[in-house]
Structures are given as structure tokens and as C-alpha cells.
Number of protein chains: 2
Amino acid sequence: MVDKSRQYSISQLAKEFDVTPRAIRHYEQIGLIAPQRVGQNRIYNAADRIRLKLIVRGKRLGLSLEQSREIINMYEHGANNAAQLETLIDAIRLQRERLQAQLEELNSMLGDLDQAEAESLEALAHSDRAKAG
Amino acid sequence: MVDKSRQYSISQLAKEFDVTPRAIRHYEQIGLIAPQRVGQNRIYNAADRIRLKLIVRGKRLGLSLEQSREIINMYEHGANNAAQLETLIDAIRLQRERLQAQLEELNSMLGDLDQAEAESLEALAHSDRAKAG
DNA sequence: CGCCAAGTTGACGTTAGCGTTAACGAAAGG
DNA sequence: CCTTTCGTTAACGCTAACGTCAACTTGGCG
């Protein structure tokens with residue numbers, strides 16, 4: 001388990017998540033992360049690290065930084081009244097529906113690729129027989 | 001079933017797949033589609049339509065046009081020797097692995113959202129009790 | 001004939017998401 | 001003291017994927 005009080009430099013996080021420091025600074029510029037400063041150096045804590053994790057994960061999913069921002073906001077709701085909570089839940093449901101739709105696209109795409117592969121394998125089998133014959 | 005010999009205008013396809021004519025022309029510029037011409041007008045056939053379908057599907061998945069190009073090539077293999085076929089199969093497997101990885105990311109993301117939602121619902125329940133109490 | 005709707009070809013503009021210098025500061029080591 | 005090794009800001013550059021004109025043609029239609 002990652003120590004809750006741990007601190008990280010920009011290059012440490014960059015290495016861990018395989019992104020450039022420049023990218024991390026960019027996320028900060030657009031307000032996705034807000035690390036502490038010691039002098040003018042950035043110091044990242046566990047929460048910052050989680051945010052970055054969500055961002056890179058979103059990237060692997062093809063999400064835009066704005067979409068990742070929404071997801072991050074869901075994690076850091078801290079909503080303290082019912083209205084806020086319901087708004088939050090709606091947002092989560094919406095995002096989940098988007099992802100579900102994406103998941104279905106993905107599955108149908110995988111199905112198509114399976115079929116294409118099967119056809120190729122069949123063609124390959126035929127060509128093998130032709131060679132053998 | 002869509003008539004194999006059907007023809008479509010650019011705006012017909014644009015409407016069907018909810019993209020702009022400009023976008024379709026762009027796909028042509030980068031060599032993803034190559035419709036016939038009647039005079040200077042573009043006429044799309046069933047195969048062109050399928051290609052467009054693959055492209056928009058890829059877009060919903062967050063694929064780049066170059067990645068979609070690869071997938072399209074898989075469908076239109078026409079590989080006629082064993083070496084080509086094996087190369088094709090490798091390409092398909094690679095793409096499938098990419099998509100599989102994406103699918104796993106997606107599932108873990110959905111899991112997180114479920115959890116976030118559950119926590120929100122719980123908080124909401126507490127606030128309800130507070131109101132009721 | 002006049003005109004509109006749908007099509008065409010440039011060509012420049014725009015947004016996202018960083019990459020890439022440039023120019024500099026501060027700590028660590030030989 | 002000099003040189004790496006991180007770090008910093010500022011600013012311009014770049015690719016992808018179109019959007020957005022402009023300027024024009026073409027086929028009906030009243």
C-alpha cells in the first residue's frame with residue numbers, strides 16, 4: 001500500500017506513469033492537478049498521484065482531459081447536501097453510460113476482428129492444402 | 001439487408017452516420033475512402049459505406065484515423081499468399097490485444113465509478129436520515 | 001429565365017495535447 | 001570552482017481532424 005503521506009517529485013511521477021514532466025505540468029496548467037510548492041519546486045502528494053493515475057488511465061481509454069476532469073470531480077465530490085449529491089450521481093451515471101456504449105462498440109469491434117481472423121485462418125488453411133497438394 | 005449495389009450521395013451517408021460531408025471528404029483526402037465519380041460528384045457504393053461505418057465506429061472507440069486504416073485493411077485483405085495472410089493475422093491479433101487492454105481499462109474504470117456512485121448514494125442516505133431525524 | 005439546393009475545390013482557421021527549444025536557478029559532487 | 005543533474009518559466013511549434021469561408025458549377029422547378 002502506498003503511504004498516504006508520501007511525497008513525489010515530478011520526475012518520479014513521470015517515470016511511474018510513463019509520461020513526461022511537460023505533460024504533468026500541462027495537466028497543472030489546465031487545472032487538473034495542483035501540487036504544493038517548496039520554493040518553486042513542485043511536490044506531489046498521494047492525492048495528486050491518484051489524480052494523475054486517473055488521467056493516464058483516461059488517456060488509455062481515449063478520454064479527453066475534460067472528460068477525465070469530470071471523472072476526477074466525481075472522486076473528489078465532497079458534496080455535502082442532497083442536491084449536490086444527486087447532481088453528482090447523475091454525472092456518474094452519464095459517464096457510465098458513455099463508457100458502457102464504448103464497451104459495446106468495443107465488443108462488436110472485437111467480434112468483427114475475430115471473424116476477420118477466422119476468415120484469414122481459413123484462407124491460410126486452403127493455401128496450405130494447395131501447397132501440400 | 002442493404003442492397004449490395006446501392007449508391008449513396010455524400011449527404012446521404014453524412015446523415016446516416018451523423019458526420020459532416022466535410023469529414024467524409026477528409027477521409028477521402030487521406031485515402032480511407034475512394035468513391036466513384038459521376039462528373040465531379042462523388043458516388044458511394046456499399047463497400048464505401050462499410051468503410052465509413054468502420055471509421056465512425058473507430059471514432060466512437062477513440063481510435064485515430066490511422067488505426068482505423070489498419071482495421072479497414074484487415075477487412076480488405078485480399079492477401080493471396082501464406083506470408084501475407086500470416087502478416088495479416090498478426091496485425092489482427094495485435095489490434096485485438098490493444099482493444100482487449102482498452103476493455104480491461106474500461107472495466108476497471110466502470111468499477112471505480114460504481115464505487116463512487118455507491119459512496120454517493122450512501123452519503124445521500126445519511127443526509128436523508130439527517131433530514132428525517 | 002431566375003433561383004435555390006446540393007455539389008465541388010482550394011485554402012486558411014481552430015482545438016487538443018503536448019513537444020521542443022531557450023534561458024535560467026539551485027543542489028550535489030569531484 | 002566547475003560541471004552535472006533536476007528543476008523552473010515562457011513561448012513558439014506541431015499533428016490530427018476536421019470547421020469554415022469563398023468562389024464556383026450543376027440540375028431541377030415554378
Side-chain angles (χ1 to χ4, degrees), chain A residues 6-45 48-49 51-73 95 98 102 105 109, chain B residues 6-45 48-49 51-73 95 98 102 105 109:
Chain A
R6 266 211 64 178
Q7 308 207 127
Y8 312 83
S9 74
I10 194 167
S11 55
Q12 277 172 10
L13 287 187
K15 192 168 291 182
E16 176 174 358
F17 295 110
D18 194 33
V19 296
T20 66
R22 172 67 179 96
I24 298 182
R25 290 194 197 100
H26 176 65
Y27 303 146
E28 180 177 348
Q29 277 184 33
I30 65 174
L32 288 183
I33 310 186
Q36 288 176 26
R37 295 292 184 125
V38 171
Q40 70 174 4
N41 286 37
R42 294 168 172 84
I43 297 295
Y44 300 85
N45 61 25
D48 297 324
R49 186 176 158 281
R51 267 171 232 145
L52 185 53
K53 187 174 193 169
L54 288 173
I55 295 170
V56 301
R57 202 195 243 173
K59 282 192 55 185
R60 283 202 288 272
L61 272 174
L63 300 188
S64 73
L65 293 181
E66 289 311 310
Q67 288 174 312
S68 289
R69 185 198 302 277
E70 292 180 41
I71 292 184
I72 288 176
N73 288 340
Q95 188 77 32
R98 284 183 206 153
Q102 211 178 123
E105 285 289 324
M109 206 89 168
Chain B
R6 265 211 67 178
Q7 309 207 127
Y8 312 83
S9 75
I10 193 166
S11 55
Q12 278 172 10
L13 287 188
K15 193 167 291 182
E16 176 175 357
F17 294 109
D18 195 33
V19 297
T20 65
R22 172 67 178 95
I24 299 182
R25 290 194 196 101
H26 177 66
Y27 302 148
E28 180 177 348
Q29 277 184 32
I30 65 174
L32 288 182
I33 310 185
Q36 288 177 24
R37 295 293 184 124
V38 171
Q40 70 174 6
N41 286 37
R42 294 167 171 82
I43 298 295
Y44 300 83
N45 62 26
D48 296 324
R49 185 176 158 282
R51 267 171 233 144
L52 185 54
K53 188 174 193 169
L54 288 173
I55 294 170
V56 301
R57 204 193 243 173
K59 283 192 55 184
R60 283 201 288 270
L61 272 174
L63 300 189
S64 74
L65 293 182
E66 290 311 311
Q67 288 175 312
S68 290
R69 186 198 300 279
E70 291 181 40
I71 291 184
I72 288 175
N73 288 339
Q95 188 78 33
R98 283 184 207 151
Q102 209 178 125
E105 283 290 323
M109 206 90 169

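Source: prediction; values computed, not measured. Side chains are part of it too, since the values below use all heavy atoms of this structure and drop only hydrogens, waters and symmetry mates.
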Neighbour count >12 (heavy atoms, 6.0 Å) for atom CD, A:Gln36: no
Qualifying residues under side chain to side chain donor-acceptor pair (under 3.5 Å), relative to B:Arg51, sequence neighbours excluded: B:Asp48, B:Glu76
Selection: residues 18-31 of chain B, any non-hydrogen atom under 4.0 Å of DNA chain D: B:Thr20, B:Arg22, B:Ala23, B:His26, B:Tyr27
All pairs passing salt bridge (charged side-chain N to carboxylate O under 4.0 Å, His left out) where residues 11-27 of chain B contributes a residue, at least two apart: B:Glu16-B:Arg49
Rounded interatomic separation in angstrom, taking CG from A:Leu63 and P from C:dA16: 15 Å
In residues 59-66 of chain B, what donor-acceptor pairs under 3.5 Å come from side-chain atoms, sequence neighbours left out?
unit_1  : atom_1 : unit_2   : atom_2 : d
B:Arg60 : NE     : A:Glu105 : OE2    : 3.0
B:Arg60 : NH2    : A:Glu105 : OE2    : 3.1
B:Ser64 : OG     : B:Glu66  : N      : 3.3
B:Ser64 : OG     : B:Gln67  : N      : 3.1
B:Glu66 : OE1    : B:Arg69  : NE     : 2.9
B:Glu66 : OE2    : B:Arg69  : NH2    : 3.1

Least distance between heavy atoms, B:Gly58 atom then B:Ser68 atom: CA-OG, 4.0 Å
Whole angstrom value for the distance that separates C1' of C:dA26 from CD1 of A:Ile43: 14 Å
Phosphate-side-chain proximity, A:Lys59 and C:dC18, N/O vs OP1/OP2 below 4.0 Å: yes
Whole angstrom value for the distance that separates P of C:dA16 from CD of A:Glu66: 7 Å
Any residue of residues 32-42 of chain A with a heavy atom less than 4.0 Å from an atom of DNA chain D: A:Arg37, A:Gln40, A:Asn41, A:Arg42
Length of the CG-P vector between B:Leu65 and D:dA17, whole Å: 4 Å
Euclidean distance, atom CD1 of residue A:Ile10 to atom P of D:dT5 [Å, nearest integer]: 19 Å
Closest approach of B:Ile33 to B:Pro35 (non-hydrogen atoms, all atoms of both residues): C-CD, 3.7 Å
C:dG7 OP1/OP2 closer than 4.0 Å to side-chain N/O of B:Ser9: yes
Summary of salt bridge (charged side-chain N to carboxylate O under 4.0 Å, His left out) pairs that have at least one residue in residues 27-44 of chain B, sequence neighbours excluded: B:Glu28-B:Arg37, B:Glu28-B:Arg42
Residue pair A:Ile55 / A:Phe17, side-chain heavy-atom distance below 4.5 Å: no
